[in-house]
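Notes for the one structure printed next.
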Number of protein chains: 2
Amino acid sequence: MSVTHTDVTAGPAELEPCGQLDHPDCGIREVLDRVGDKWSVLVIVELANGARRFRQLQRAIDGISQRMLTLTVRRLERDGLVIRTVYPTVPAQVDYRLTETGASLTHLVKALADWSLEHRDTIAHARQAYDAQHPDNEIR
Amino acid sequence: MSVTHTDVTAGPAELEPCGQLDHPDCGIREVLDRVGDKWSVLVIVELANGARRFRQLQRAIDGISQRMLTLTVRRLERDGLVIRTVYPTVPAQVDYRLTETGASLTHLVKALADWSLEHRDTIAHARQAYDAQHPDNEIR
DNA sequence: CGGGATCCAATGCGATACTG
DNA sequence: CAGTATCGCATTGGATCCCG
């Protein structure tokens, strides 16, 4: 069964890895749920610089709670983006590092970071303008 | 340095010297909050194919509520990623299209989509393996 | 040190109803 | 058609305490 084109004044497609990006079976959402998560990205970024231990991560990321770090790092491990290694020392010692897959994501994360830096001022200005024109608006 | 803009929440500082993306004040989070949002990305993706009206977006995206579509599209407009145009026809007509800034994001979104396609199987497999080894785990 | 368990506040988000 | 307003559940996430 192929995709039934729900055409609503169909436009020319410029963007299609699978034909339709928003098709549920393309898996974008799954990845986005991971990549889009603030904490996940920051963990990946930190691990891009090398292996880190739990407390190192927590201190490096600043603002993340113990709970969220645990959850984040667990999910990344589950997705095969991060490897968790436990050393049977006496105070337990654990470190985390990126897998190949995880490392391949750092490109994209860096690209996103670059984009954000590049457009930071523009966006900030747009927000000011919007807020000025919509003083009573509750949109965040 | 032109504008000294007061930010909504605590003041993120200037963006210049770090160049490294793990620094909290680089503004990655702000962008990520937008890009990482599931609905935002899907709206951007849909608009990448051309201008769309409200109902068109809602039907195209499938699963989004009217509330979330409104909020999403408002935030994108506020950030200057989307332009909202109202035509004074009798049933009101509004369309949305990407700004230059918004359009420049589609590259990254496409890259993310490509990445997700490329690593989809790997991730799925990793998840299965993880779940098999941790049957009682509540990590999603 | 690394992390599980619990409690609780905030908010996210869908469903529904109403308006121009 | 394109929203706005309200309610209410579900999820998120921080804080705290405890354990190996």
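In the text below, chain A, chain B and the rest are named by the order of the sequence lines, each starting its count at 1. The model shown is predicted, which means the values in this text are computed figures rather than measured ones.
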Using whole Å, what does the distance between atom [atom2] of nucleotide [N] and atom [atom1] of [X] come to?
X: B/Ile61; N: C/dG14; atom1: CD1; atom2: P; result: 12 Å
X: B/Tyr87; N: D/dC1; atom1: OH; atom2: P; result: 17 Å
X: A/His134; N: D/dG3; atom1: NE2; atom2: C1'; result: 14 Å
X: A/Arg84; N: C/dG2; atom1: CZ; atom2: P; result: 10 Å
X: A/Asp95; N: C/dG3; atom1: CG; atom2: P; result: 10 Å
X: B/Arg52; N: D/dC1; atom1: CZ; atom2: P; result: 16 Å

task: Check whether any side-chain N or O of B/Arg53 sits under 4.0 Å from OP1 or OP2 of D/dC1, and answer yes or no.
output: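 No, because none of the side-chain N or O atoms of B/Arg53 sits under 4.0 Å from OP1 or OP2 of D/dC1.
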
message: Heavy atoms from C-beta onward define the side chain here; which of D/dG3, C/dG3, C/dG2 lies closest to that of B/Phe54?
response: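 Nucleotide nearest to B/Phe54's side chain: D/dG3.
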
- request: Go along nucleotides 6-20 of chain D 5' to 3' and tag each nucleotide: B for a protein heavy atom under 4.0 Å from its base, S when only backbone or sugar atoms are that close, - otherwise.
  value: -------BBBB----

query: Counting only heavy atoms not in A/His134, do more than 12 sit closer than 6.0 Å to its NE2 atom?
result: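 Yes, enclosed.
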
- request: Check whether more than 12 heavy atoms from other residues, nucleotides or ligands sit under 6.0 Å from atom CZ of B/Arg127, and answer yes or no.
  value: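 Above 12, so yes.
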
query: Looking at side-chain heavy atoms only, is the closest gap between A/Arg84 and A/Val86 below 4.5 Å?
result: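 Result yes, sub-4.5 Å side-chain heavy-atom pair found.
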
B/Ser40 side chain to B/Thr72 backbone, donor-acceptor under 3.5 Å: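 Not a single qualifying donor-acceptor pair exists.
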
- request: Nearest 0.5 Å please: distance from the NZ atom of B/Lys110 over to the CG atom of B/Leu105.
  value: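 The NZ atom of B/Lys110 sits 14.5 Å away from the CG atom of B/Leu105.
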
field: Pairing of A/Asp95 and A/Arg52 as salt bridge, 4.0 angstrom limit
entry: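 A/Arg52 and A/Asp95: not salt-bridged.
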
- request: With heavy atoms under 4.0 Å as the rule, sort B/Tyr96 into base, sugar-phosphate or nothing.
  value: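 The answer is sugar-phosphate, as B/Tyr96 gets under 4.0 Å only of primed atoms, P, OP1 or OP2.
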
